[in-house]
Every structure is written in structure tokens, then in C-alpha cells.
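To start, the structure under review is shown below, and the notes come after it.
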There are 2 protein chains.
Amino acid sequence: MARRTPTIPEATVARLPIYRRALVELDESSAINVSSERLAEMSGVNAAKVRKDLSYLGSYGTRGVGYDVDYLLFQVSRALGLNNDWPVAIVGSGNLGQALANYRGFTQRGFPVAALIDVDDKKVGATVHGIEVHHVDRLEDLVAELGIAIGIIATPAGAAQAVADRLVEAGIQSVLNFAPVVISVPDGVPLRQVDLATELQILSFYQQRNAASDR
Amino acid sequence: MARRTPTIPEATVARLPIYRRALVELDESSAINVSSERLAEMSGVNAAKVRKDLSYLGSYGTRGVGYDVDYLLFQVSRALGLNNDWPVAIVGSGNLGQALANYRGFTQRGFPVAALIDVDDKKVGATVHGIEVHHVDRLEDLVAELGIAIGIIATPAGAAQAVADRLVEAGIQSVLNFAPVVISVPDGVPLRQVDLATELQILSFYQQRNAASDR
């Protein structure tokens, strides 16, 4: 029987990778225990929220001692499904696709980039950071042969939806979209959309507020 | 006297660019009005939250009609400070820096990329997507000469903190960090950190949950 996964709020899920990064850093500096206050500070979250979030994983820490770094790292990683490797295919081998293929930490965090895929015959057959570029005609075969779990879309906006449709049809488990366009996938297929300009707009808000209060 | 900017919750600020994207799409399809339900659906947020978020901008819509698309787009853009242009410099002209320099929508959304900056003499003087690559020795001059508002860090992890320090020292207004390392800046300097592996970890969580419920 499958282990029951408790329901964890979406906002908590989004913070787990941030806690995990802090815990890896603590582990590398040989810390044994960590207080919720320290973890909060490292993660930019308040301590009460850290404690609440971790309670969803069944982690409560010990008064006066805090959390065991090793064990908490194990728990967070397990909750995130990082005890498995999830092979990734990147569709689009332009600058963004290449940057993603070379992004430190995809492989070390359990997301080995198994293939780059492109529509341009001139790019097919090349090797980018050790990863072969395949023709998009082989997309379905590659997903099956390489056991691709996650499809990353790094194509121009106009191609993104069609690529998403093919990835889903080929049996991919989830989709990460970097193309600057909103795409849709069937219910039940996890989808994250990263719009790089969103972050700039958020900065712009705070900048403008700072400028107004300086006047 | 400066117009007083009302206090808008952080989570609301983070959703404003998402509403804006939906409104631009509606505007391009010549829609005159939009209901909070439709806006919610396009933004992946529930309708009550949309209404609450927009109320911070003083926007309440009209019962049975909804919001005026044009005017709401103006209000959201103004709140985000997008009625100004904010020139951007990208430090690091590797694949990621080049991908960002070529990202559709930075310029059209008011973030013209004014300069690429690199430490590698072999890259200096080149032109990438119409943008000149300058030597990092000129960073301070460039910030002043070009009126750079936002510094984007696309360097390897090891260089990121030193670059952030120089950007802040040079008078930059805010920092967007893509290097896979946590950096710090003085209080009052808006900072956003984008960790591309975070999104994959969030997908991994939902994938694992789906896999468990299929078993």
C-alpha cells in the first residue's frame, strides 16, 4: 500500500525548497541542530511560519535544542520527492535552453538533464554541456527511452503550447514553462510557469515606493 | 508632495504582474470589461482574492459589469511603477545573461536592457542581441552614465556577492539574482532571488503525490 501523503498547503510546498537550501548549507557547515529562529532568518520567513510549515511534515523540533539538521533535511527532501531522480528534457536549445542545461544544481538536486530537444536541424547532433541535442521528431521516443519525468519548455512563445501538448501526450509527468506565454495542460498534470519579467515588475513596485518615500 | 503609496501586502504585489499579463491579453483581444471570475480564471487565483487584491488599488469594479479593462490595466501598471522605464544592466554574459538579454518582454514591459557586463576580456566589445558587452571595471561608470535602476546578476555563484556589493555601492536601486547562491544586500535595497531548481522541486512534490495516489 502507498504511504499516505498528508495534504500540505500550496504555500508551504513552495517554501520547502527554500528550507531545504538552508538545511544543505547548515549541513555543509557541519551544524548538528538548528533553531526555528535561525532557519527562519536563513529563509526569509518568520519563525512561527517555519514551525507551522514543518509540523505538516511531522517535525516539531525539541524545546531549547531545535531541529536535527540531518533528519530534517531527510524529511524535507522526502516530502519533496527528492529521494528519486527525475530525469528532465529541455525543449528548445537556444540561449535559455543551454543556460538551463548548464544550471548548477539541477543534477545535484536530483534533476539530471537527460536530453535537449530542438526543431532546428542545424542544432541537432550537437552536444551542449555534455548533453546531446535531439530532433523534436523524436520527442515521444525520448520520453519513453530516457524515462523523462519533467519537460522544460524553453522555446519561443509561439511554439510553447504545441510542445506542451506533445509532452503531455508522450506521458510526461509535469511541465515547467519558461516561454513568455501562458499555456494550459490537462488537470492532474502539475505545471509551473516562470515569467522572468514578473520578478522585475515586483522590484519595480518596491523601487517606486522607495523613491516616493525619499521625496 | 509625493503621492502616498498605500501599503499593499507582499503576496498581493507578487500577484499584480500576473493580473497585468491577463489584462494585456484581454486588451489585445479588444475586451472592454472583465469580471473578477474571468480574471481569476486567467490568473489561477480565486475570484474573492482577485477582488480583495484589486481593492488595495482602489479598484472595485461594477456589479454585473466587472472591471474596465483599460483603466484597470492603467491602475495595475501604475501601482507596479511601470509608467517609468527602468533601465537594466545584466552582469554575466554567459548563456543565462544572453538569454535574459534576449528575453521577449523585458523592453516592452519597461525594462530596457542597457548593458551587458562581463569580467572576460574576450567577451568585452561584442554585441549580443544589439546590446554591447562592457568590462566589469566600468560597472560604476555605466550605472551612472546609463541611469541603471536594476542590476541583474547572471554570474557563477562564486562571483555573485561581490557583484551585488559593487552594484549597491554604485547606487543601483534594486537587484535580481539568478546565481544559484543566496546573497545579501543592505536593508532598503529590494532584492529578488530566482533559484531555477526551486520550481523543479515544487513539481517533484506534486508528481510524487500523483504517483502515490495512482498506486
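The figures that follow rest on heavy atoms only: side chains count, while hydrogens, waters and symmetry mates do not. Labels below follow one simple rule: chain letters A, B, ... track the order of the sequence lines, proteins then strands, and each chain is numbered from 1. This one's a predicted model, so the numbers in the text were calculated from it and none came from an experiment.
Chosen from B/Gly81, B/Ala99, B/Ser204, the residue pairing most often with chain A at heavy-atom distances under 4.5 Å is B/Ser204. In terms of non-hydrogen atom pairs under 4.5 Å with chain B, the most contact-rich of A/Met42, A/Glu199, A/Glu10 is A/Glu199. Between chain B and the options A/Leu96, A/Val182, A/Leu200, heavy-atom pairs under 4.5 Å are most frequent for A/Leu200.
For residues 17-30 of chain A, heavy-atom neighbours of chain B at less than 4.5 Å comprise A/Pro17, A/Arg20, A/Arg21, sorted by residue number. Residues of residues 169-178 of chain A that come closer than 4.5 Å to chain B, counting heavy atoms only, are A/Gln173, A/Ser174, A/Val175, A/Leu176, A/Phe178, ordered by residue number.
Two residues are said to be in side-chain contact when any heavy atoms from C-beta on lie closer than 4.5 Å; A/Ile202 and B/Leu16 fail this criterion. Using a 4.5 Å heavy-atom cutoff, the side chains of A/Leu203 and B/Trp86 are not in contact. Residues B/Leu196 and A/Phe106 are in side-chain contact: their nearest non-hydrogen atoms beyond the backbone lie under 4.5 Å apart. Side-chain contact between A/Asp195 and B/Tyr103 is present, with heavy atoms from C-beta onward closer than 4.5 Å.
Looking only at distances, no side-chain donor or acceptor of A/Gln201 sits under 3.5 Å from a matching main-chain atom of B/Leu80. A distance-only check finds no donor-acceptor pair linking the side chain of B/Asn95 to the backbone of A/Asn102 [under 3.5 Å]. A distance-only check finds no donor-acceptor pair linking the side chain of B/Gln207 to the backbone of A/Pro190 [under 3.5 Å].
Looking at A/Ala149, the atoms closer than 4.5 Å to chain B (heavy atoms on both sides) sit in the backbone and in the side chain alike. With a threshold of 4.5 angstrom between heavy atoms, B/Tyr206 approaches chain A through its backbone and through its side chain. Using a 4.5 Å cut-off between heavy atoms, B/Ala101 makes no contact with chain A at all. Contact annotation for B/Gln193: neither backbone nor side-chain heavy atoms come within less than 4.5 Å of a heavy atom of chain A.
Remark: B/Arg192 CZ to A/Thr198 OG1 distance equals 9.5 Å, nearest 0.5 Å.
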Requested in this report: Take A/Phe205 and B/Leu82 through the side-chain contact (heavy atoms from CB on, under 4.5 Å) test and state the conclusion after the steps.
Outcome: CA-CA 8 Å; A/Phe205 173 87; B/Leu82 302 181; over 6 Å; no
